[in-house]
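To start, the structure under review is shown below, and the notes come after it.
None of these values were measured; they are calculated from a predicted model. Every number for a ligand or one of its atoms is a count from 1 in the order of the listing.
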Amino acid sequence: MMAEKNENQYQPRELSNGHHRTDEESLLTMEEEEAKRKKKMKWTIGIIAFVIFQVVQALFFVLVIMKFKSPKFRVTEFTVSNLNYGTQASPSFDMSFVAPIRVKNTNWGPFKYGASTVNFTYGGVQVGQAIIPKGKANFKSTKKIEADVTLSSAGLPSNTNSTLGSDLSLGTITLNSQGELKGKITVMFMFKKTKISQMNCTVVIETSTKAVKTLSCE
Ligand SMILES: *[C@@H]1O[C@H](CO)[C@@H](O)[C@H](O)[C@H]1NC(C)=O
Ligand SMILES: *[C@@H]1O[C@H](CO)[C@@H](O)[C@H](O)[C@H]1NC(C)=O
Ligand SMILES: *[C@@H]1O[C@H](CO)[C@@H](O)[C@H](O)[C@H]1NC(C)=O
């Protein structure tokens, strides 16, 4: 026990006495080298991280920012303010309402579009129009357009007579709204792309409530 302790105490002393200077010198240069190596490593990691950051940024830019998507152009639910309609035997309708038209722009830049019209049709025949003035849907937002619409069956050809008659006997009027918005998307103030947004919605109006029963857009 005692001898072991002595030996343990003695040995390190001799080591440090005998090789003190050279050990410290080599330790110093080793430390310096280690510090240099660490510094180099830090730089390397820093540069790699920077390159990765740049690549990710470029990818994000190309895949997200520069991905031009056609804005969504559609009509949303509304209630008819004035509605007159005939019978199955004498089918007709005329109505007026404010059509809530929406241009949803999911791009990272504004969508500027020219003036256009939305055509309302019954059985493929136009029964009225909504005027869309030229405008702009800001980036990542929905432009709301409230358009006054007046529709009349007066111009329908005789072959839609029976369709309208049975439609009215069911208490509905099935309309279609079609339109096209042509405009330009600008991203980062300089990257531009022309896009066309199509609208093709089917609106079923319930004559008893004057409300939209079903609405679907392509
Ligand atoms: C449609 O039907 C009504 C009632 O039967 C009739 O008076 C009208 O003339 C028809 N219209 C056409 C264009 O045939
Ligand atoms: C709407 O109708 C007008 C004519 O009144 C036509 O020039 C235009 O192409 C139509 N738009 C669509 C999308 O069908
Ligand atoms: C609009 O949609 C209807 C059905 O939802 C389809 O039959 C029709 O062909 C479409 N029209 C256009 C111009 O895409």
| said: Can you check atom 9 (O) of ligand 3: any protein non-hydrogen atom closer than 4.0 Å? | reply: no
| Sole residue of D167, T160, T174 in side-chain hydrogen bond (donor to acceptor under 3.5 Å, both in side chains) with Y122 | D167
| query | For atom 12 (C) of ligand 3, which protein heavy atom lies nearest, and how many Å away is it? | reply | N200 ND2, 3.2 Å
| Sole candidate of I205, N82, L83 that passes side chain to side chain contact (heavy atoms under 4.5 Å, CB included) when paired with K210 | L83
| message | Side chain, backbone, both or neither: which applies to E218 and ligand 3 if a contact is any heavy-atom pair less than 4.0 Å apart? | response | side chain
| request: Would you check if there is a donor-acceptor pair between the side chains of D94 and Y85 at a distance under 3.5 Å? | output: no
| said: Distance alone, cut at 3.5 Å: any donor-acceptor contact between the side chains of Q178 and N119? | reply: no
| task | Identify the protein heavy atom lying closest to atom 6 (C) of ligand 2, giving its residue, its atom name and the separation to 0.1 Å. | result | N119 ND2, 4.1 Å
| request: Heavy-atom contacts with Q126 under 4.0 Å: which atoms of ligand 2 show up? List them by number with element. | output: 2 (O), 5 (O)
| task | Look at atom 2 (O) of ligand 2 and say whether a protein heavy atom is found at less than 4.0 angstrom from it. | result | yes
| task | Could you tell me the residue and atom name of the protein heavy atom closest to atom 5 (O) of ligand 2, and the distance to it rounded to 0.1 Å? | result | Q129 NE2, 3.3 Å
| field | Under-4.0 Å salt bridge between E34 and R37 | value | yes
| Which residue holds the protein heavy atom closest to atom 13 (C) of ligand 2, what is that atom called, and what is the gap in Å? | G179 CA, 3.7 Å
| query | Among all residues two or more places apart in sequence or in another chain, which pass the side chain to side chain contact (heavy atoms under 4.5 Å, CB included) test with V98? | reply | E146, D148
| task | Would you check the N or O atoms of N176, main chain and side chain alike, for any that come under 3.5 Å of an N or O of ligand 3? | result | no
| query | By side chain to side chain donor-acceptor pair (under 3.5 Å), which residues pair with E206, not counting sequence neighbours? | reply | T209
